[in-house]
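Only one structure is covered here, and it is reproduced in the block below.
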Amino acid sequence: MKNEPETESIDHALAAPHATLAWSGVRNYQARNFMRDQMQVGDGVLYWHSSCAEPGIYGLASIASEARVDPTQFDPASPYHDPRSSPDKPRWLLVDVKALHKTRPVGIAELRSHPALADMTVLQKGNRLSISEVTPAQWHYLNEHLLQPC
DNA sequence: GCCAACGTTGGC
DNA sequence: GCCAACGTTGGC
């Protein structure tokens, strides 16, 4: 799950109450559907920093809630406001994400240097999804070889 | 329901 | 700040 370290880095997440962030602002149907249909409480999350000097994995987290309505869609003052959405017909969802610990930063170039990770969705050219899937094999490889806590 | 134009994302 | 990729919009 990608987030911008400017405002919601792994450090921000760890410092939040219960080390948990409401993952608001997802405005893409495919990403929303991952939260709604695929995620389960306790699932592991790679905490990705995007739109920054060195995009990549910076921490581990886990899913801490079912998908629920993202309140920012109803807030005209929010950058995530969606005027086409209404409380009786909400369009966007969020999940709570609980940060577990920081990892050594593992940037895109390093990830790409591992053939075992070549198919990771987040590494594919043109990928713009802020939420993407990690296979069990990729997850295992990452944890085994690259993601020591720090 | 097709598809061109437009907007957004995010790595570089 | 550039631009490739791709999602969304809206005229037809």
Side-chain angles (χ1 to χ4, degrees), chain A residues 1-16 20-39 43-135 137-139 141-143 145-148 150:
Chain A
M1 298 179 79
K2 295 182 178 180
N3 215 337
E4 299 189 10
E6 197 94 348
T7 49
E8 292 193 312
S9 69
I10 183 69
D11 289 307
H12 287 101
L14 285 165
T20 298
L21 295 179
W23 212 262
S24 58
V26 172
R27 295 294 180 267
N28 170 283
Y29 289 105
Q30 198 179 347
R32 180 202 67 184
N33 294 348
F34 280 141
M35 295 194 288
R36 187 188 63 193
D37 304 332
Q38 307 283 122
M39 289 181 178
D43 281 352
V45 172
L46 302 173
Y47 202 109
W48 186 279
H49 287 183
S50 65
S51 301
C52 58
E54 203 186 339
I57 299 166
Y58 284 75
L60 282 178
S62 71
I63 299 301
S65 78
E66 304 275 302
R68 59 189 171 82
V69 173
D70 179 350
T72 63
Q73 68 196 298
F74 310 126
D75 177 4
S78 169
Y80 303 120
H81 180 233
D82 186 346
R84 302 163 303 176
S85 195
S86 63
D88 54 315
K89 237 188 163 188
R91 183 178 290 227
W92 304 113
L93 303 173
L94 59 74
V95 292
D96 292 320
V97 175
K98 181 180 175 64
L100 300 177
H101 59 78
K102 296 173 75 166
T103 61
R104 176 177 72 80
V106 184
I108 287 178
E110 183 179 353
L111 291 167
R112 289 205 172 113
S113 75
H114 291 262
L117 303 175
D119 292 334
M120 277 187 79
T121 302
V122 75
L123 300 180
Q124 302 314 303
K125 188 179 179 187
N127 169 67
R128 295 183 310 153
L129 272 183
S130 63
I131 300 174
S132 59
E133 291 180 297
V134 180
T135 68
Q138 291 161 355
W139 180 265
Y141 185 92
L142 283 160
N143 281 279
H145 296 94
L146 295 175
L147 297 180
Q148 284 71 46
C150 75

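The basis for the numbers below is simple: all heavy atoms, side chains too, and nothing from hydrogens, waters or symmetry mates. Labels below follow one simple rule: chain letters A, B, ... track the order of the sequence lines, proteins then strands, and each chain is numbered from 1.
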Donor-acceptor side-chain pairing of A:Ser9 and A:His12 below 3.5 angstrom: yes
Atom CZ of A:Arg32 and atom C1' of C:dT8 are separated, to the nearest Å, by 14 Å
From CD of A:Glu6 across to C1' of B:dG11 the rounded distance in Å is 16 Å
When rounded to whole Å, the CG to C1' distance for the pair A:Leu129 and B:dT9 reads 10 Å
Please list every donor-acceptor pair under 3.5 Å in which a side-chain atom of residues 115-125 of chain A meets a protein atom from a residue at least two apart or in another chain.
from     : atom 1 : to       : atom 2 : distance (Å)
A:Gln124 : NE2    : A:Ala118 : O      : 2.9
A:Gln124 : NE2    : A:Met120 : O      : 2.8

Given A:Tyr47 and A:Trp23, is the ring pair (Phe, Tyr, Trp, His ring centres under 6.0 Å) satisfied, shown in steps? CA-CA 12 Å; A:Tyr47 202 109; A:Trp23 212 262; 5.6 Å; yes
Rounded to whole Å, CD of A:Glu110 lies from P of B:dC12 at a distance of 14 Å
(request) Answer whether the closest heavy-atom distance between the side chains of A:Val26 and A:Asp70 falls below 4.5 Å. (result) no
Original post:
Can you check whether A:Trp48 has a side-chain N or O nearer than 4.0 Å to OP1 or OP2 of B:dT9?
Top reply: no
Nearest heavy-atom approach of A:Leu142 to A:Leu111 is CD2-CD2, 3.7 Å
From CG of A:Asn3 across to P of B:dG10 the rounded distance in Å is 10 Å
Protein-nucleotides 3-7 of chain C N/O pairs closer than 3.5 Å?
from  : atom 1 : to       : atom 2 : distance (Å)
C:dA5 : OP1    : A:Lys125 : NZ     : 3.2
C:dC6 : O2     : A:Arg128 : NH1    : 3.3
C:dC6 : O2     : A:Arg128 : NH2    : 2.8
C:dG7 : O4'    : A:Arg128 : NH2    : 3.1

Result block: side-chain N/O donor-acceptor pairs under 3.5 angstrom for residues 87-99 of chain A, not counting sequence neighbours:
from    : atom 1 : to      : atom 2 : distance (Å)
A:Asp88 : OD1    : A:Ser86 : OG     : 2.9
A:Arg91 : NH1    : A:Tyr29 : OH     : 3.2
A:Trp92 : NE1    : A:Asp82 : OD2    : 2.7
A:Asp96 : OD1    : A:Arg68 : NH2    : 2.7
A:Asp96 : OD2    : A:Ser65 : OG     : 3.4
A:Asp96 : OD2    : A:Arg68 : NH2    : 3.3
A:Lys98 : NZ     : A:His18 : O      : 3.0

In whole angstroms, the gap separating P of B:dC12 from CG of A:Leu111 amounts to 11 Å
When rounded to whole Å, the CZ to C1' distance for the pair A:Arg91 and C:dT8 reads 11 Å
